[in-house]
K.L.:
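Below you will find the structure I want to go over with you.
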Amino acid sequence: MRLYPFVTVDVFTEQRFGGNPLAVVTDARGISDAEMQALASEFNYSETTFVLPPDDPAHTAKVRIFNRTNEMPFAGHPNVGTGYVLAGLGRGDRLVFEEQAGLVEVEVERDRGGALTGAIIAAPQPLSLGTELPVEDVAACIGLTASDVVLRAHPPLAASVGIGFVLVEVEGAALSRAAPGPEAFRRLLGKSPALDGRLAIHLYTQDLGAQDGFDRLRTRMFSPLAGTYEDPATGSANAALAALLLSLGSQERRDFKITQGVEMGRPSALTLSAYRAPDGVRAKVGGSCVPVFKGEARL
């Protein structure tokens, strides 16, 4: 029997049992791909990470990310949580993770007393935009009507800073009414080969306005075909959203505070910055973490 230590943390929250739970297998050497997928399915969180030695010794670790059904090239809350966990194990306050989508830089946050509180990550890629999707089809996927979708800034479209999401602005009252329909997801995915077999829809509303220098948004994310009916906090989707909103204007930088997970009873608070870089619009996302469990997985 092989034993592998793991830690779980709630990410993007200061309250235990809020935010988005994450399992981190802190030393995954010797675990096969199939076993990683099986463990991720067993944890049954939106993602689980597996920490391995880096290919380049100048980096901190290679991090592999699995959801309930597949490996992911990048994701937000797994990197924030993994950075928090590894810093707690003495791996430093500035970390670099090797991932399929590229290098992810992590900066750990501490309070005035030096205690770990969370982390900020830089998405591995600049913003890239993909296909636009029919309003009626997208609305059907989320249990809304076409009139609930806001088109003033952009149509529903795919965007990525390392992994793709369909970004959709909706009216404020419609956000809480949204409910995913897996069959409609399958129909839309079948009609949209450019999505490469993956469909995750990230809704947002800007009805909170701006305050204290931050644009305040509320969001929800649905990916039922990947086993995540709804996600309480999606750092990678919100990073793509922040980058998209900056790209639509002339500003050099925009800062956001985003609330997600309210409808699930797991409120999450994400802080984001989008900024113009030489290679395009990039984004950072950060938040607090709270440890919950630790133990050993038996294989």
Side-chain angles (χ1 to χ4, degrees), residues 11-12 20 22 46-47 49-52 54-56 58-67 70-83 94-107 119-133 154 156-168 192-202 204 217 219 221 223 226 231 233-249 251-256 258 270-287:
V11 181
F12 296 128
N20 200 349
L22 171 75
S46 53
E47 283 99 19
T49 61
F50 298 86
V51 180
L52 295 160
D55 293 332
D56 183 340
H59 302 147
T60 307
K62 176 183 290 186
V63 177
R64 298 182 66 181
I65 305 168
F66 287 76
N67 64 24
N70 296 287
E71 186 169 7
M72 303 177 69
F74 165 69
H77 101 278
N79 279 295
V80 171
T82 301
R94 291 185 179 272
L95 307 96
V96 179
F97 296 156
E98 299 171 354
E99 298 181 10
Q100 289 183 5
L103 297 179
V104 177
E105 297 180 358
V106 183
E107 181 179 352
I120 300 170
I121 67 162
Q125 298 175 12
L127 174 70
S128 61
L129 300 180
T131 186
E132 296 182 6
L133 296 168
H154 62 85
L157 82 169
S160 173
V161 289
I163 187 169
F165 296 86
V166 174
L167 303 182
V168 185
S192 307
L195 295 174
D196 296 325
R198 183 178 188 274
L199 178 55
I201 296 180
H202 191 61
Y204 74 99
L217 310 176
T219 65
M221 200 287 286
S223 185
D231 199 31
T234 316
S236 50
N238 284 305
L241 173 59
L244 171 65
L245 294 178
L246 177 66
S247 76
L248 297 174
Q251 296 164 278
E252 290 296 313
R253 177 189 173 107
R254 287 180 71 178
D255 296 312
F256 300 84
I258 295 181
L270 301 85
T271 302
L272 295 102
S273 59
Y275 54 95
R276 297 185 189 274
D279 60 351
V281 178
R282 287 186 169 268
K284 294 183 177 181
V285 56

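Computed from a prediction, not measured in an experiment: that's the story for all the values here. We're numbering straight along the sequence, starting at 1. Note: hydrogens, waters and symmetry copies are ignored here, and every other heavy atom, side chains too, is used.
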K.L.:
Run through I163, V104, T49 and flag the one making a side-chain contact (heavy atoms from CB on, under 4.5 Å) with E99.
P.N.:
V104
K.L.:
Determine whether D255 and L272 satisfy the following criterion, side chain to side chain contact (heavy atoms under 4.5 Å, CB included), listing intermediate values before the conclusion.
P.N.:
CA-CA 6 Å; D255 296 312; L272 295 102; over 6 Å; no
K.L.:
Just to verify, what does A226 make a side-chain contact (heavy atoms from CB on, under 4.5 Å) with, not counting sequence neighbours?
P.N.:
N67, T69, S223
K.L.:
Restricting to non-hydrogen atoms, name the atom on S46 and the atom on H77 that form the minimum distance, rounded to 0.1 Å.
P.N.:
OG-CE1, 3.3 Å
K.L.:
Who passes side-chain contact (heavy atoms from CB on, under 4.5 Å) against L103, sequence neighbours left out?
P.N.:
H59, V96, E98
K.L.:
Is the H154 ring parallel, tilted or perpendicular to the Y204 ring (thresholds 30°, 60°)?
P.N.:
parallel
K.L.:
Between V80 and I120, is a side chain to side chain contact (heavy atoms under 4.5 Å, CB included) present by the stated rule, with each step listed?
P.N.:
CA-CA 6 Å; V80 171; I120 300 170; over 6 Å; no
K.L.:
So, taking the atom named CD1 in I258 and the one named CG in L270, what distance separates them when rounded to the nearest 0.5 Å?
P.N.:
6.5 Å
K.L.:
Mind listing the closest non-hydrogen atom pair of A239 and V161 along with its distance?
P.N.:
CB-CG2, 3.9 Å
K.L.:
Could you pull out the closest heavy-atom pair between A283 and A243, with the gap in Å?
P.N.:
CB-CB, 4.4 Å
K.L.:
State, with a plain yes or no, whether a side-chain heavy atom of V281 is found less than 4.5 Å away from one of S247.
P.N.:
yes
K.L.:
For R282, does its backbone N or O pair with a side-chain atom of R276 as donor and acceptor, under 3.5 Å?
P.N.:
no
K.L.:
Would you check, one step at a time, whether the test side chain to side chain contact (heavy atoms under 4.5 Å, CB included) holds for L52 with R64?
P.N.:
CA-CA 8 Å; L52 295 160; R64 298 182 66 181; 3.7 Å; yes
K.L.:
Quiz question: by atom type and distance under 3.5 Å, do the side chains of D231 and H202 form a donor-acceptor pair?
P.N.:
no
K.L.:
With side chains defined as the heavy atoms from C-beta onward, is the minimum distance between N238 and V285 less than 4.5 Å?
P.N.:
no
K.L.:
So, T234 side chain and S236 main chain: donor-acceptor pair closer than 3.5 Å or not?
P.N.:
no
K.L.:
Between F256 and L245, is any pair of side-chain heavy atoms under 4.5 Å apart?
P.N.:
yes
K.L.:
Nearest 0.5 Å please: distance from the CD atom of E47 over to the CG atom of N70.
P.N.:
11.5 Å
K.L.:
Looking at every non-hydrogen atom in both residues, tell me the closest pair between L127 and A159 and how far apart they are.
P.N.:
CD1-CB, 4.0 Å
K.L.:
Hey, does E105 have a side-chain heavy atom less than 4.5 Å from the side chain of P124?
P.N.:
no
K.L.:
Assess the residue pair Y275 and K284 against the criterion (side chain to side chain contact (heavy atoms under 4.5 Å, CB included)); give the C-alpha distance rounded to whole Å, side-chain angles, the decisive distance to 0.1 Å, and a yes or no.
P.N.:
CA-CA 9 Å; Y275 54 95; K284 294 183 177 181; 3.8 Å; yes
K.L.:
Check for me whether R198 meets the cation-pi criterion with F165, that is, NZ or CZ under 6.0 Å from the six-membered ring centre and within 45 degrees of the ring axis.
P.N.:
yes
K.L.:
Short question: side chain of R253, backbone of A274 - any donor-acceptor pair under 3.5 Å?
P.N.:
no
K.L.:
Can you check whether P156's main-chain N or O pairs, donor with acceptor, with E132's side chain at less than 3.5 Å?
P.N.:
no
K.L.:
Give, for atom CD1 of I65 and atom CE of M72, the distance between the pair rounded to the nearest 0.5 Å.
P.N.:
7.0 Å
K.L.:
Rounded at 0.5 Å granularity, tell me how far CG in L244 sits from OG in S160.
P.N.:
12.0 Å
K.L.:
Please examine the side chains of S192 and L133, heavy atoms only from C-beta on, and report whether any two atoms are closer than 4.5 Å.
P.N.:
yes
K.L.:
With no hydrogens and no angle check, is any side-chain donor or acceptor of N79 less than 3.5 Å from a backbone partner on A75?
P.N.:
yes
K.L.:
For V106 versus G83, what's the shortest heavy-atom pair and its separation?
P.N.:
CG1-CA, 4.0 Å
K.L.:
Work out which heavy atom in A233 is nearest to a heavy atom in F12; give both atom names and the distance.
P.N.:
CB-CD1, 3.5 Å
K.L.:
CD of Q100: more than 12 outside heavy atoms within 6.0 angstrom?
P.N.:
yes
